[in-house]
Amino acid sequence: MNLKKRFRAITRIPLGFATVLKQMFQKPVTVQYPEEKRPMTSRFRGRHNLKRYDDGLEKCIGCALCAAACPADAIWVEAAENTNEVRFSPGERYAKTYEINMLRCIFCGYCEDACPTNAIVLEPIEFPTGYTRESMIYTKSQLLESPPINVAATPQQTPAGKYDRAILPFPPVDSSV
Amino acid sequence: MADLINLTIDGVPVGVPKGTLIVDAAKRIGNDIPVFCYHPKLKPVGMCRMCLVEIGTPKVDPATKQIVKDDKGNVVIAWQPKLNTGCTTPVSEGMAVRTKTPVVIEAREDVLEFLLTSHPLDCPICDKGGECPLQNLTLAHGPGVSRFDYADKQHNDKHVPLGELIFLDRERCIQCSRCVRFQDEIADDHVLQFHDRGRGMEIVTFSDPGFDSYFGGNTTDICPVGALTTADFRFKARPWELKSTPSVCGHCAVGCNTSLNTRTNTSTGTLDIKRVMPRQNEQVNEIWLCDKGRFVHHYTRAAERITRPLIRKDGKLQEATWESALQLISDKLNTVPGLRVAGVIGDRVANEDAWLFKRFLTEIVKTPYVAASPALPAAYADIARASGLGVDADFKQLGKGDVIVVVNGDLEEQAPVWFLRLRQAVVDRGAKLIVAHHRSTKMHRYAHVIARYQPGLAAQWVASNPAELQGLKDARNVVMVFGDDTLGPPNARALASGLAAVLREAGQAGKSNSGLLPLYPHGNTQGVYDVVGAGERAQTADVAWLVGVGDAADAPKAGFTIVSELLMTDLAKSADVVLPALSAAERDGTLTSGDRRVQRFYAALPALGEAKPDWWAAQEIAKRMGANWSFPDAAAVFADMAAHVGPYAGLSYAGLAKIEAQWPPVGRDDLYYGGTVYDNMGGVGARTSPGEGPSDAVAPAEPTMEALTRPQPALYRSGELTRLSDVIGKRLV
Ligand code: SF4
Ligand code: SF4
Ligand code: SF4
Ligand code: SF4
Ligand code: FES
């Protein structure tokens with residue numbers, strides 16, 4: 001090492017001390033999670049939420065496309081058939097079992113992308129934690145959001161013909177573009 | 001072959017037999033022309049226009065009638081001005097076909113755009129999604145965007161039950177008529193039809209009960225969309241989530257090849273069969289199954305299954321360990337000298353079980369009393385084998401010049417898929433059909449000659465040298481199907497030997513496509529009788545061991561009864577020891593079909609509880625009684641059986657798993673025949689040789705009341721297994 005380099009190294013040491021000294025008088029960035037929570041951006045991909053329509057029916061139609069898209073194989077769906085007397089979702093099919101293994105999930109959001117009804121959404125809500133492996137398998141009742149105020153939960157009894165379609169029409173494609 | 005027709009498809013030359021359609025010719029060289037309404041097993045109708053191609057033929061000079069050639073000496077092709085359907089146009093010499101030109105591509109896009117105008121596009125909840133020809137072809141050939149308004153779609157009923165087995169979604173139907181044509185052309189149950197026209201066109205059923213057919217499940221396989229679904233599989237799972245295991249149906253003598261599709265059921269934590277699909281084997285079931293084979297699988301996971309050994313204590317059957325049950329049995333068999341032991345082996349068990357039991361009883365226990373159940377086929381199983389079809393017999397080659405004789409059997413009720421195939425030999429390929437029965441059967445519809453006799457007098461009829469059976473000498477081949485309806489053992493034997501004699505006298509014996517075809521009651525009757533032979537039946541015994549015996553009449557009266565069973569049958573309820581057995585879905589093994597084809601099935605599910613294969617129990621007790629047997633698995637047992645049981649000599653367990661290319665290729669890489677599990681990955685099996693057998697004539701006897709009043713054979717018999725099926729249990733007779 002030549003003299004010039006040695007000199008530069010020596011001058012850096014007090015600079016380092018100065019930085020540390022400065023930080024000692026600043027507000028710490030550490031938060032006492034989980035007692036204290038940091039704000040998240042609105043698009044943060046946290047734990048999943050299964051959404052409902054305004055009338056309380058579940059958006060999820062049990063198609064298992066999320067499970068097919070999931071690179072971590074974290075989702076398990078079993079479907080069953082709706083009737084007008086016992087209806088969970090619009091159309092014929094609903095998710096009888098819907099489970100996400102949060103230990104497997106890598107929060108990539110592919111399930112959101114795959115979902116034809118925007119039923120599964122990764123929300124900026126706290127990260128799932130638990131003491132046992134079993135408790136990290138979130139079941140449908142844990143994932144499903146509560147119905148809007150004054151709206152009945154599922155299953156509902158619905159009039160015949162009102163909810164024939166599982167996937168509601170989206171606006172027509174403008175073929176001129 | 002000499003008379004090949006040569007044509008070029010996209011410039012690639014191909015030679016195919018006369019009469020081949022363009023789509024099939026293209027298939028031979030790996031050119032997939034998309035189709036919806038065409039199905040290689042059905043007659044073409046040209047309804048969907050998906051297969052439009054450019055077709056040209058060599059230009060002929062009208063004056064000289066010579067083929068015109070250009071300056072370079074190439075044949076000039078006269079292209080047809082419009083596109084034509086490749087599925088209805090047979091090839092002709094020198095034909096040229098173009099399948100990839102812009103106009104063809106545009107036509108495909110347009111057809112798909114139109115098909116999708118009234119399609120609901122609800123693939124996410126559609127049971128066909130993932131193995132749907134419409135999905136596949138839309139991805140491969142579709143326009144990607146529609147000029148029609150999505151909100152303008154016509155909405156129809158999505159939940160129309162066509163009977164209790166099949167549901168119709170009217171929106172999804174693309175009116176290809178594959179289902180209607182299957183019912184008309186193959187099953188000959190004309191219960192489906194189109195109703196109304198244009199956009200209002202819908203599939204209707206007009207039978208009572210709805211969709212009254214034994215073959216309805218097949219329409220859900222060949223439907224190119226999810227318009228037809230089964231009550232059994234509706235919304236049960238997505239096709240890609242299912243694990244597929246090759247298996248063989250054991251519910252009748254046909255031995256259809258199946259694929260068991262399984263998935264975990266979270267509420268019970270077990271692997272369950274979600275659906276049973278046909279596995280292509282052109283020698284056995286082509287791509288068909290009857291509804292019994294398709295829907296009866298529920299017994300494999302029924303709550304009624306026996307899961308642990310039971311031992312009678314204080315007058316009640318109580319759960320016990322295998323160790324104590326095996327010890328109890330071996331003590332029982334070991335201690336008392338001169339004990340009279342009788343074994344009865346039911347025809348629902350696999351060959352491996354039958355063989356190791358027989359070996360155990362004859363070698364270790366040294367008892368002469370080993371018999372099979374039901375008892376009746378003992379009367380004719382040896383004749384049926386010795387005079388059976390040749391090793392290379394192929395139903396598909398039966399046609400003009402051949403004669404099919406059905407005596408005393410109801411093909412549709414007793415061997416449904418043979419019914420389909422033999423019916424086609426008669427109706428489509430011109431074989432002559434002679435039907436003799438004391439009542440009407442469905443096969444009577446196609447008969448050229450019908451003979452009738454009094455119930456129970458089938459053998460007498462054959463012995464009387466009837467006029468209907470004359471002239472068989474001139475036939476190319478003669479297949480004789482026979483059943484034991486209303487016959488007691490002497491008459492069943494007399495019938496079989498009488499028919500065998502007719503075959504011999506007509507000079508038909510020994511031809512590969514000629515022979516007897518017995519309508520056995522179950523899937524392994526032939527196999528069990530191959531192993532057991534005529535056997536010796538005991539009426540009474542000190543110890544009786546019943547393996548898979550369904551009929552209480554076959555059980556000897558015994559002081560101590562051991563029963564190996566799946567379910568708590570009446571016999572099991574009165575037994576002293578009950579050993580839990582495994583269903584064919586939970587283990588490996590082989591079955592021998594009525595036409596002597598030995599086929600392997602594979603374990604699709606884990607064993608229920610502590611149930612074990614029957615051969616394992618036989619081996620464990622043999623070991624406790626001093627035998628030094630060590631068969632680790634079914635393969636080893638099969639090898640032992642092949643070494644000892646004549647007809648199976650030379651067969652290897654691995655050889656039975658040999659796969660042969662199947663034509664037409666259905667499923668697999670094909671985008672348009674639908675279904676993902678037709679592919680035969682489990683082997684096509686091998687037919688055993690007829691071997692030597694008795695050729696003595698047996699005189700018919702007087703019919704007995706017992707035989708005459710036996711219930712008529714029916715597909716949906718009130719059987720234990722069928723009763724447990726959620727969907728066809730209701731159709732039991
Ligand atoms: S976020 Fe990604 S890993 Fe997690 S469940 Fe969804 S698809 Fe699977
Ligand atoms: S969350 Fe969406 S993708 Fe997943 S099963 Fe439900 S509807 Fe289908
Ligand atoms: S139900 Fe299926 S097979 Fe029948 S016509 Fe409609 S699309 Fe074709
Ligand atoms: S025809 Fe016989 S072997 Fe074939 S599926 Fe039906 S019951 Fe099973
Ligand atoms: S018109 Fe040829 S496949 Fe339908």
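- Most heavy-atom pairs under 4.5 Å with chain A: of the set B:K153, B:K236, B:E171, this distinction falls to B:E171.
- Separating the SG atom in A:C63 from the CG atom in B:D122 is a distance of 11.0 Å, to the nearest 0.5 Å.
- Rounded to the nearest 0.5 Å, atoms OG1 (B:T229) and CD (A:E81) are 8.0 Å apart.
- For B:E106, the CD atom counts as loosely surrounded, since its 6.0 Å shell holds 12 or fewer non-hydrogen atoms of other residues, nucleotides or ligands.
- Residues of residues 37-56 of chain A never come within less than 4.5 angstrom of chain B, heavy atom to heavy atom.
- Around atom CZ of A:F107, more than 12 heavy atoms belonging to other residues, nucleotides or ligands sit under 6.0 Å away.
- How far CZ of B:R238 is from CG of A:L65: 5.5 Å, rounded to the nearest 0.5 Å.
- B:F235 contributes atom CZ, which lies 6.0 Å from atom CZ of A:R93 (distance to the nearest 0.5 angstrom).
- Residues of residues 260-275 of chain B that come closer than 4.5 Å to chain A, counting heavy atoms only, are B:R263, B:T264, B:N265, B:T266, ordered by residue number.
- Using a 4.5 Å cut-off between heavy atoms, B:N156 touches chain A through its backbone atoms (N, CA, C, O) alone.
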As a quick check of understanding, evaluate side-chain contact (heavy atoms from CB on, under 4.5 Å) for B:I125 and A:E92, giving each step before the final call.
CA-CA 8 Å; B:I125 61 159; A:E92 299 163 275; 3.9 Å; yes
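- Going from atom CG of A:N82 over to atom NE2 of B:H159 covers 11.5 Å, rounded to the nearest 0.5 Å.
- A pairwise comparison of heavy atoms in B:W240 and A:A64 identifies CZ2-O, 4.2 Å as the closest pair.
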